[in-house]
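Read through the structure below, which is laid out as structure tokens, and then see the notes.
Since this is a predicted model, take the numbers as computed values, not measurements.
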Amino acid sequence: RPHVHTAMASMALALVLLAQGFTLPPAPAIPRQAARAPVIRMSSQPPKDPTPPRTASEMVGDFVESVGDLAEAEARKEKARRFVANDGFWQPADLELIADDFVFTGPTVGPLNKADYLNTAALLAVYESFPDLQVKASAFVQDPEDEDRFWGVVRVMGTHTAPQKLGGALPTIPATRNKLHPGPQVVSVSFDQKGLVRGYTAGLVADGGQGPAGAYGGFYAVLRTMNVPLPPPEALELLRVVGDSVKDFPKARSHRDDLPGKWKAQGRTTGLRTKDAWSQNRFKVQVAPARA
């Protein structure tokens, strides 16, 4: 085999050269760079801390403030439950809880100022048509972005055993003995700096699959319970426009000039102003504890 012969010849030549004292030149050395030790600079000055140390009194003050904020939030949670149990619609209003610049908003009603809301609710007087009406409120939680706003879930139930008023010259609805039990309604209560209720949202059903009223909350749930068909949107809007111009008639929105600050843009521009819309304040005051 040629490659075997070639290998044997190469080995023989190498042995002859070694026997004659022939040596291979050494391989060139690869220069190495000396390792440099890290330079450590010593300073007699300690490092500067941009944040000055907190004093004991400052830390105690922060702790007291955090405890106070927590206690205030818990107190407002309970006050929110107390309010929804006496919100003026399902039960007579607790007026001591309501700020003068109070505004109510719902899915299809609002914004209503304090007087328009309370007079409308008292004119309908749902709690008189359902004498056994109960309001059950969940525990409230603080809004993660608005520390003055608290959210909860409300359940209402009762029996229609007395005529239901509709306001103005509209006829009353005779007692049907039907059960009112709409689905869970999401509510929110907002407080001002004095701890009074300045904002209230209600009427939004979280689960329309529960209860005979379906997705309807508030007074729509009341009408469905009484087997009253809801008018089409066009007729409902016409009824609202007429109602805004009639004295002592339920209001769907307040006049923009009677609404505080940010709500003015959502108010109506026609119809009666609040001072001309009511001949008297009909709302009652009755405090009932929230049921767990």
Side-chain angles (χ1 to χ4, degrees), residues 83-94 104-112 116-138 152-189 200-233 235-240 242-244 246 248-253 278 282-284 286 288 290-291:
F83 172 76
V84 299
N86 305 273
D87 67 350
F89 184 78
W90 298 117
Q91 292 292 345
D94 184 352
F104 169 82
T105 55
T108 58
V109 175
L112 288 172
D116 286 341
Y117 168 75
L118 290 174
N119 279 292
T120 295
L123 191 65
L124 298 173
V126 173
Y127 41 80
E128 294 180 356
S129 306
F130 296 81
D132 63 343
L133 194 146
Q134 298 181 25
V135 180
K136 295 183 178 181
S138 71
V153 175
V154 171
R155 295 270 196 172
V156 295
M157 58 195 70
T159 309
H160 181 210
T161 57
Q164 173 62 56
K165 294 179 289 186
L166 298 177
L170 296 177
T172 60
I173 302 175
T176 61
R177 304 201 66 82
N178 291 343
K179 299 290 185 180
L180 171 69
H181 195 190
Q185 300 179 71
V186 178
V187 300
S188 75
V189 180
Y200 183 37
T201 63
L204 179 63
V205 175
D207 186 354
Q210 297 188 23
Y216 294 98
F219 196 63
Y220 289 152
V222 173
L223 294 177
R224 288 292 294 269
T225 299
M226 299 174 181
N227 301 322
V228 176
L230 298 180
L236 189 59
E237 184 60 28
L238 177 60
L239 182 62
R240 290 175 177 173
V242 172
D244 291 339
V246 176
D248 296 328
F249 194 86
K251 299 294 181 284
R253 277 193 302 167
W278 310 101
R282 294 174 171 77
F283 42 86
K284 303 176 182 178
Q286 175 181 318
R291 297 175 173 84

Do [X] and [Y] have side chains that get closer than 4.5 Å, going by heavy atoms?
X: Q164; Y: L124; result: yes
X: V84; Y: K136; result: no
X: T161; Y: P131; result: yes
X: I173; Y: V228; result: yes
X: L133; Y: Q91; result: yes
X: V222; Y: F130; result: yes
X: V156; Y: P182; result: yes
X: F219; Y: T108; result: no

*What distance do M157 atom CE and H181 atom NE2 have between them, rounded to the nearest 0.5 Å?*
3.5 Å
*Can you tell me how far CG of L112 sits from CG of L118, rounded to the nearest 0.5 angstrom?*
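Result: 10.0 Å between the selected atoms.
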Any chance the side chains of [X] and [Y] put a donor and an acceptor closer than 3.5 Å?
X: S129; Y: H160; result: no
X: T201; Y: T105; result: no
X: T225; Y: N178; result: no
X: T120; Y: K251; result: no

*Just by distance, do the side chain of D132 and the backbone of G158 share a donor-acceptor pair under 3.5 Å?*
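The answer is no, because no donor-acceptor pair under 3.5 Å joins these two groups.
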*Which residue pairs pass the salt bridge (Lys or Arg N to Asp or Glu O under 4.0 Å) test with at least one member in residues 152-176, sequence neighbours excluded?*
E128-K165
_The criterion is salt bridge (charged side-chain N to carboxylate O under 4.0 Å, His left out); which residues satisfy it with R253, sequence neighbours excluded?_
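Checked R253 against salt bridge (charged side-chain N to carboxylate O under 4.0 Å, His left out); zero matches.
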Distance-minimising heavy-atom pair for [X] and [Y]:
X: A206; Y: V186; answer: CB-CG2, 3.7 Å
X: L123; Y: P250; answer: CD2-CD, 3.5 Å
X: W90; Y: Y127; answer: O-CB, 3.3 Å
X: G88; Y: A121; answer: O-CB, 3.2 Å
X: A202; Y: P107; answer: O-CD, 3.3 Å

*asked:* Quick one, F104 with V109, criterion side chain to side chain contact (heavy atoms under 4.5 Å, CB included). Give me CA distance, side-chain angles, the key distance, then yes/no.
replied: CA-CA 8 Å; F104 169 82; V109 175; 4.2 Å; yes
*Would you say the ring centroid of Y200 lies under 6.0 angstrom from that of F83?*
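Between F83 and Y200, which both carry aromatic rings, the centre distance is below 6.0 Å.
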_Out of the candidates L239, L166, V242, D244, only one should pair with F249 under the side chain to side chain contact (heavy atoms under 4.5 Å, CB included) rule; please name it._
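Of all the options given, the one that passes is L239.
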